[in-house]
Protein chains: 2
Amino acid sequence: MAAKDETSAGSVWLRPQRSRGGRPTLTTQQIVPAAIEILDTDGVEGLSMRTLAAKLGAGTASLYWHVANKDELLELALDDVQGEIAIPAVGEVGWRAAVGALAAGIRDIALRHPWMIGLAGVKPPIGPKAMRLNDVAAGMLAAAGFSGAAVSRISALLSAYAMGAAAAENSCRQGAAQPGQAAGQMRASIEAHWRSVAEQYPNLAHWRSENPSATFDQDTFLFGLDRILDGIAVWRDRAPG
Amino acid sequence: MAAKDETSAGSVWLRPQRSRGGRPTLTTQQIVPAAIEILDTDGVEGLSMRTLAAKLGAGTASLYWHVANKDELLELALDDVQGEIAIPAVGEVGWRAAVGALAAGIRDIALRHPWMIGLAGVKPPIGPKAMRLNDVAAGMLAAAGFSGAAVSRISALLSAYAMGAAAAENSCRQGAAQPGQAAGQMRASIEAHWRSVAEQYPNLAHWRSENPSATFDQDTFLFGLDRILDGIAVWRDRAPG
DNA sequence: CATTATCTCGAACGTCGTTCCATAGCTGGT
DNA sequence: ACCAGCTATGGAACGACGTTCGAGATAATG
């Protein structure tokens, strides 16, 4: 751990590069994907510096030459997965489909890497891949005819909804499938508990009686997305720009 | 730690109550608010079972009689703060204002207790306060004239957006004010870093040139909320219900 | 009063993130 | 060819953490 003194206590991204001399066997480009692999399998709690180093065949302390600490490693991993999102060009599909694909892409990534859901609301989104995503989204919205502050606000609206929807969907999944027991067992005890308290929640009970298996799923996401796109469309038609 | 065997490895909420006999000095009703106080001050990492017990004047191990583990304590705290959200009746203000107040209330709570942002996407939302909130929201939407699946979908849309917006706003704040350095110092180094990479992000650069201080703030939230409410309104007018 | 269940908590265990520092390898200057 | 100086490694240790154990204290029950 050196090379940190010039911009002390900043984010990873604000730090200058190092190079020249030495023995370059371990690199950040190896560490981050390995960390993501562990995160996808075991979650944030399953990632320890020791297991990560073991997976790379390196000593634990060696990691600290390449990343300042675990928090910074998580920041790097969080930024890295945001590079997986692909956004179609507006010309190919029309603005509504392109904008919808942006939101759907964000949701897909979040559900594929659930550990990032708890991280995205905490770590600042200033990594290169996150900025690239924002830049592409801004270009797409500009090409769709939006201008000025509308570009950033609509982009913010879509990504906020996509992340919130992924969070809701993921938390519902956590309740449905607890580890260490049969799949149906938890669901059964939830069902029993629900019946015992249903009378305390009359409105929920009424709705749930006509729709028993109620979770936040893809249909829920797509319904909300359509409402948002409708709202953007009427705003776009009302105030030109 | 007992009384867990009957419904082994379930959520807190599925566990029966205990009582009768013994020395009831420490209660869950004391523990959870104390934990929330620490969480508000120091975040999730600042909450340790030892400091919490010390704050309560109790031994560390005593906590484990009332909560199974730290995860369950966080679940209890997460549910508890959701009881702070107040929702106005539809008759008083009209459905659009009432629905908007629901989303704004969720955002307020999340920004007042930022630690819950990283938790809400991970812990299942089946606590009593969370269900009460859902129930009240469902009743509000039903009173507003929505029916059937629309009630749950619109409620899900609003809370997903509110949480996502709070997450985005909070993560922007994390980037702006890093602890342990002067407020302007981080902002200055971000600014310098931005200038050095601006040409890589032409669309962002163009937009940022007309709007230098760009973060997710209340105006961004309200703009998106208005678009969502517009979208719900046109859907409501189109398909009766 | 004896029994039984409830509740407290000092002490200990294993794991974690992190640091220290001795050491190894590469590069450039002479 | 050689050494100086940087880059990089990693064994060992530290302190803090979540959690468990089990002995003890307290109050209701029969």
Side-chain angles (χ1 to χ4, degrees), chain A residues 1-6 8-9 12 15-31 34-35 38-39 42-77 115 119 123 180, chain B residues 1-6 8-9 12 15-31 34-35 38-39 42-77 115 119 123 180:
Chain A
M1 222 243 356
K4 182 138 174 236
D5 311 54
E6 295 104 62
S8 63
V12 210
R15 206 153 53 215
Q17 298 285 22
R18 275 175 290 110
S19 60
R20 204 167 58 95
R23 177 178 44 165
T25 64
L26 204 60
T27 64
T28 314
Q29 284 73 23
Q30 287 180 278
I31 294 173
I38 297 179
L39 286 166
D42 304 326
V44 180
E45 314 150 5
L47 174 68
S48 82
M49 303 301 271
R50 281 169 231 262
T51 60
L52 176 57
K55 186 188 180 82
L56 292 163
T60 306
S62 305
L63 296 174
Y64 286 88
W65 182 256
H66 303 275
V67 297
N69 47 42
K70 190 181 180 180
D71 246 46
E72 182 179 294
L73 175 62
L74 290 174
E75 235 175 296
L76 290 164
W115 48 269
L119 254 45
K123 310 285 179 191
Chain B
M1 223 253 339
K4 182 143 174 226
D5 311 51
E6 295 105 62
S8 62
V12 209
R15 209 152 50 216
Q17 297 285 21
R18 274 173 292 111
S19 61
R20 201 169 62 97
R23 177 178 44 167
T25 62
L26 203 60
T27 64
T28 315
Q29 284 72 22
Q30 287 180 277
I31 294 173
I38 297 179
L39 285 166
D42 304 326
V44 181
E45 315 150 4
L47 174 68
S48 82
M49 302 302 271
R50 281 169 230 264
T51 60
L52 175 57
K55 185 188 183 82
L56 291 163
T60 306
S62 305
L63 296 174
Y64 285 88
W65 181 257
H66 304 275
V67 296
N69 47 43
K70 189 182 180 180
D71 247 46
E72 181 179 295
L73 175 61
L74 291 174
E75 236 175 293
L76 289 165
W115 48 270
L119 253 45
K123 310 287 179 190

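In this text, all values refer to a predicted model and were calculated from it rather than measured experimentally. In what follows, chains carry the letters A, B, and so on, assigned in the order in which the sequence lines appear, proteins first and then strands, with residues in each chain numbered from 1.
Contact annotation: A/Thr25 reaches the phosphate of D/dT9 (side-chain N/O to OP1 or OP2, under 4.0 Å). Close to C/dT8, at under 4.0 Å from its OP1 or OP2, lies a side-chain N or O of B/His66.
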Between the protein and nucleotides 10-13 of chain D, list every N/O to N/O distance that falls short of 3.5 Å.
| from | atom 1 | to | atom 2 | distance (Å) |
| --- | --- | --- | --- | --- |
| D/dG10 | OP2 | A/Gly59 | N | 2.9 |
| D/dG10 | OP2 | A/Ser62 | OG | 3.0 |

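Here A/Leu47 lies in heavy-atom contact (under 4.0 Å) with sugar-phosphate atoms only.
Whole-Å rounding puts the A/Tyr64 OH to D/dC14 C1' distance at 13 Å. When the C1' atom of D/dG24 is taken as reference, atom CH2 of B/Trp65 falls 14 Å away, rounded to whole Å. In this structure, the CG atom of B/Asp71 is 13 Å from the C1' atom of D/dT19, given to the nearest Å. Atom CE in B/Met49 sits about 14 Å away from atom P in C/dC9, given to the nearest Å. For the pair A/Asn69 CG and C/dC16 P, the interatomic distance rounds to 17 Å; values are reported in whole Å. If you take NZ of A/Lys70 and P of C/dT15, they are 15 Å apart, rounded to a whole angstrom.
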Please output the side-chain donor-acceptor pairs of residues 43-57 of chain B that fall under 3.5 Å, not counting sequence neighbours, one pair per line with the distance.
| from | atom 1 | to | atom 2 | distance (Å) |
| --- | --- | --- | --- | --- |
| B/Ser48 | OG | B/Arg50 | N | 3.4 |
| B/Ser48 | OG | B/Thr51 | N | 3.1 |
| B/Ser48 | OG | B/Thr51 | OG1 | 3.2 |
| B/Thr51 | OG1 | B/Ser48 | N | 3.3 |
| B/Thr51 | OG1 | B/Ser48 | O | 2.9 |
| B/Lys55 | NZ | B/Glu37 | OE2 | 3.1 |

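The overall bend of the helix from C/dC1-D/dG30 to C/dT30-D/dA1, read as the angle between its terminal helix axes built from five base pairs each, is 10° when rounded to 10 degrees.
A/Asp71 pairs by the salt bridge (charged side-chain N to carboxylate O under 4.0 Å, His left out) definition with A/Lys123, not counting sequence neighbours.
Summarising the geometry of B/Asn69 relative to B/Glu72, their closest heavy-atom pair is OD1-N, 2.9 Å, with the distance given to 0.1 Å.
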